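So the structure is just underneath, and the comments pick up after that.
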Amino acid sequence: MTETEGLIARASRCLADTYARFPVVLDRGEGCRVWDVAGKEYLDFVAGIAVCALGHCHPAVVRAVQTQAAKLLHVSNLYHIEPQIRLAELLCEHSFADRVFFCNSGAEANEAAIKLARKYAKEQGNSERIEIITMEGGFHGRTVAALTATAQAKYQKGFEPLLPGFQYVPFDDLGAVERAVGGQTAAILVEPIQGEGGICVPSEGYLQGLRKLCDGAGALLVFDEVQTGIGRTGRLFAYEHWGVEPDIMVLAKALGGGLPIGAMLAKEEVAASFTPGTHAATFGGNPLVTTAALATLTTILEENLAQRAAQMGGRLMYQLRSIQDAHHGVKAIRGEGLLVGMELDREVRPVLARCLDAGLLLSSAGEKVIRFAPPLIVSEKEVQRAVDILDTALSEVTG
Ligand SMILES: *Cc1c(COP(=O)(O)O)cnc(C)c1O
């Protein structure tokens with residue numbers, strides 16, 4: 001039995017069986033590459049599912065984490081710490097927001113947003129405003145409120161009863177939202193581009209329309225930018241593409257450069273409904289994760305990596321289109337910046353497995369969409385190599 005087989009056998013006995021893991025054991029990484037325990041090299045176009053925006057072991061993040069680990073790891077939010085303050089300042093300076101609440105994950109950031117939206121309505125004297133409208137095909141996380149917000153049967157099945165006070169409408173359908181929104185609506189919660197749902201970019205005017213509907217109905221607009229945020233789509237935040245500002249935004253994934261951190265950002269008027277004792281997270285924004293996030297965000301801003309994501313994403317999309325006609329199974333290629341999806345007419349898992357064998361890590365977004373989310377520092381050569389490997393894999397699997 002190889003070392004890899006031995007480890008996978010042990011995993012199958014001791015870990016909760018919640019992931020359909022690929023049969024590799026990863027050991028170390030550098031830039032856009034990772035190596036498994038057998039020493040095989042892979043080009044990483046998953047990047048921890050849009051987490052490792054600076055690639056693996058970026059020197060700025062490594063240095064920040066090493067220094068901070070030797071200085072102070074954790075103290076609790078009973079006290080002030082400078083990196084948390086600086087990170088909040090930086091996020092506010094570069095977004096619509098005035099205040100930030102830190103937590104540990106995307107789901108937790110969505111929980112905070114849902115709680116704040118309901119609390120804000122109560123504070124306004126609107127105790128009947130309890131409903132959150134979310135979009136079919138959306139994804140907001142796995143905790144119970146976030147799961148209820150996630151309008152996809154495959155994630156919810158078996159976990160009923162879900163929370164009351166949610167209503168689902170089709171994505172990219174303003175008419176449906178118009179019919180659903182009213183005096184009972186606390187907030188509309190939406191991903192500017194749906195990630196897990198298959199990299200779905202809305203029509204021009206959709207997010208603008210949601211803003212108008214919220215303003216008309218007195219509801220809050222919440223953008224879940226857990227996957228699209230921090231430069232991924234070619235702007236620091238995806239909402240900038242449409243010139244529409246939310247009242248609340250949630251972040252996680254790329255924010256910590258690989259360390260677990262989530263954030264909920266809000267306008268002053270809305271954030272004011274969170275007062276001492278109303279919400280909390282033990283680890284939220286602790287010294288280590290906020291220092292890592294500061295190093296990540298500073299690097300992304302200073303090196304203009306959002307702009308780079310736009311350029312490299314354009315290249316990736318162009319090259320994917322150039323191989324599209326050679327494979328009859330390809331139905332669509334879509335996305336923004338370095339968040340790109342290729343929809344096939346069949347399940348993509350066999351294609352991903354072939355790519356893995358050939359040294360390329362790719363993930364799916366839904367069963368029939370291949371997701372490309374490489375680090376924002378990806379090079380032209382790496383994009384070319386990934387497309388070449390995929391080209392061959394598609395030929396082998398779809399003919
Ligand atoms: C990944 C994701 C989440 C959940 O984040 P976790 O950190 O896994 O809880 C929420 N919303 C979106 C849009 C995501 O892509």
Side-chain angles (χ1 to χ4, degrees), residues 16 18-21 46-53 101-117 132-152 154-156 159 163 166 168 171-172 187-202 207 210 221-233 235 237-239 241 246 248-265 281 283-286 289 292-293 296 335-341 363-366 369 371-374:
T18 51
Y19 305 101
R21 289 185 165 95
V46 176
I49 312 189
V51 167
C52 309
F101 173 83
F102 288 111
C103 52
N104 311 288
S105 69
E108 225 185 316
N110 274 300
E111 296 277 335
I114 292 163
K115 284 180 71 175
L116 180 61
I132 315 286
I133 295 175
T134 68
M135 310 306 156
E136 289 166 13
F139 185 82
H140 302 289
R142 308 290 197 135
T143 55
V144 177
L147 180 68
T148 307
T150 296
Q152 295 196 60
K154 69 172 177 183
Y155 295 114
Q156 296 181 337
F159 299 107
L163 285 187
F166 285 77
Y168 308 141
F171 183 63
D172 202 22
I188 294 175
L189 167 60
V190 62
E191 297 159 87
I193 296 171
Q194 286 191 334
E196 299 308 302
I199 320 297
C200 304
V201 185
L207 296 173
L210 291 183
L221 182 58
V222 185
F223 285 163
D224 181 342
E225 293 231 24
V226 168
Q227 189 154 161
T228 54
I230 320 294
R232 169 69 40 200
T233 71
R235 298 290 184 94
F237 302 112
Y239 71 75
H241 289 291
I248 300 175
M249 172 169 72
V250 296
L251 299 173
K253 290 202 163 93
L255 180 58
L259 269 76
I261 180 170
M264 184 208 61
L265 288 69
F283 292 118
N286 91 1
V289 296
T296 304
E336 199 69 58
L338 283 172
L339 186 58
V340 173
S363 66
S364 60
V369 177
R371 166 174 34 201
F372 304 81

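Atoms within a ligand are numbered from 1 in the order they appear, just like the ligands themselves. The model shown is predicted, which means the values in this text are computed figures rather than measured ones.
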Side chain to side chain, [X] and [Y], heavy atoms closer than 4.5 Å:
X      : Y      : answer
Arg371 : Ile199 : yes
Leu147 : Tyr155 : yes
Gln227 : Glu196 : yes
Glu191 : His140 : yes

Phe283 atom CZ: more than 12 heavy-atom contacts under 6.0 Å: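 No, not enclosed.
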
Using a cut-off of under 3.5 Å, which N/O atoms of ligand 1 pair up with protein N/O atoms, and what distance separates each pair?
unit_1	atom_1	unit_2	atom_2	d
ligand 1	7 (O)	Gly106	N	2.8
ligand 1	9 (O)	Gly106	N	3.4
ligand 1	9 (O)	Ala107	N	2.7
ligand 1	11 (N)	Phe139	O	3.2
ligand 1	11 (N)	Asp224	OD1	3.3
ligand 1	11 (N)	Asp224	OD2	2.7
ligand 1	15 (O)	Gln227	NE2	2.7
ligand 1	15 (O)	Lys253	NZ	2.6

Shortest non-hydrogen contact from Ala53 toward Ala254: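 Smallest interatomic distance, heavy atoms only, reads CB-CB, 4.1 Å.
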
